[in-house]
2 protein chains.
Amino acid sequence: MIVINETYAKILETAYRLFAEHGIDKTSLSMIAKEVGISKPAIYYHFLSKDMLIDVLFEEIKKEIDFPKSFSIQDYTKDNFEAKLLADGYRMIEEQRQDDYFPRVLNEYMIRGSRNELKYEQRLHVVIEGFANGFEELLTHGAKLGVIPGERITAKAHMLTMVIDNIGNCMLIGLKFNYKEIWEEAAKACFGAKGKQVKKPLS
Amino acid sequence: MIVINETYAKILETAYRLFAEHGIDKTSLSMIAKEVGISKPAIYYHFLSKDMLIDVLFEEIKKEIDFPKSFSIQDYTKDNFEAKLLADGYRMIEEQRQDDYFPRVLNEYMIRGSRNELKYEQRLHVVIEGFANGFEELLTHGAKLGVIPGERITAKAHMLTMVIDNIGNCMLIGLKFNYKEIWEEAAKACFGAKGKQVKKPLS
DNA sequence: GTCTATAAGTTGATAGAC
DNA sequence: GTCTATCAACTTATAGAC
């Protein structure tokens, strides 16, 4: 978050934290102002309304979500494909385990999108479809390499999206599942019956 | 929902609908009273507080969630196992497509559980674990019948739980995925390499 | 059981001084 | 840019009549 104005950035950061802790609806501008150390009307100098603040924060958050950040397709080769798909998933799970502010806030926008608020709905599509398309691209790459069956790539990609996304949700409510193993099952399903090929022909 | 008192039931039903439409936080007791056709203080005769109303409704909702309702293990045989697992999933997806009030409200409680409100957190565990355990039981049954590999049953069951649950979430925000195909990929993953056995020796 | 009236507090937002 | 003072509108909740 590179912002010119100091206070502007502080307000956004504080809103982010408080939204995660209490939810958007139950976070008032007074609470934010108090934490930042300014008066409530001062917020209105930087943001037109609470709604605008919520909006701007969502735009900032969206920038942080990026499929290529977690799964860099160009690094996947015929030999490392399965291992790398597993490892990248593990890493994503581990990242969520450490910072639960992010998925919490994203969840807040998710629930807003699930209502009739169209503006969030459409923007959330971009987020999830980003992952769905990313996985589809990755699996297509795998099919070209010959490590993944070429059929039903889209369905498989979406299945992976469902799993990795819901792992985050379940961690949020404190469910103690073995998420690495769950990801392994989902990932393995993409390789089909022919998945058990040469394992370590590397170097 | 079989309740003795008329107004009591009306309040609960109206709360259910309004919670789904506007979220719990943005649904006031005035809104509920207005829709029911009574005055706001009348609600306090039936419920100690808004919190108690939220609590009671959650208990009612929990009764509606029941794994055996969607997947009745005793009906799964060696011959129909894969087909039935698919069909039951399809039916669940179809049910969600028709009534989106239910998942919406459940989502409201989910997000409450993801905060620090311990009472919801623990009760939500019961809900999801109900499905996780149900799938585990079902797959164990499948392993006994010889249609499912006996290893990693728990991980597979949890993977199915992640998928079926998140399909609901994605439908909620209006994502137009092919959910039947997604479920097929998840289900097929449980059968492993040996899954391609006799298909129609039935009748 | 349901009402009117009202308390006590919070909210998002604005006016206007500095 | 930030403040104090203030607003109208809402909230949950209670007192007490019928």
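Per chain, numbering begins at 1; letters A, B, ... match sequence-line order.
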Need two values: the first and the last nucleotide of DNA chain D, 5' to 3', having an atom under 4.0 Å from any heavy-atom of chain A.
D:dG1 to D:dA5
Under-4.0 Å salt bridge between A:Lys26 and A:Glu21:
no
Whole angstroms only, please: what is the CG-P distance between A:Leu29 and C:dT14?
11 Å
Please check the phosphate of C:dT10 (OP1 and OP2 only) for any side-chain N or O of A:Ser28 closer than 4.0 Å.
no
Salt bridge present between A:Glu59 and A:Arg123 (N-O < 4.0 angstrom):
yes
C:dT10 C1' sits how many Å from A:Asp25 CG, rounded?
14 Å
Could you tell me whether the side chain of B:Ser70 and the main chain of B:Met92 form a donor-acceptor pair under 3.5 Å?
no
Do B:Tyr101 and B:Phe19 make the cut of ring centroids closer than 6.0 angstrom?
no
Rounding to an integer number of Å, can you tell me how far B:Lys26 NZ sits from C:dT11 P?
14 Å
Return yes if a side-chain donor-acceptor contact under 3.5 Å exists between A:Tyr179 and A:Glu94, otherwise no.
no
Short side-chain to backbone donor-acceptor contact, B:Glu108 and B:Ile24, under 3.5 Å
yes
Please tell me whether A:Phe135 and A:Phe71 form a close aromatic pair, meaning their ring centres lie under 6.0 Å apart.
yes
Quick check: does any side chain N or O of A:Asn80 sit under 3.5 Å from a backbone N or O of A:Asp75, one acting as donor and the other as acceptor?
yes
Within residues 40-51 of chain A, those residues having any heavy atom closer than 4.0 Å to DNA chain D are A:Pro41, A:Ala42, A:Tyr45, A:His46
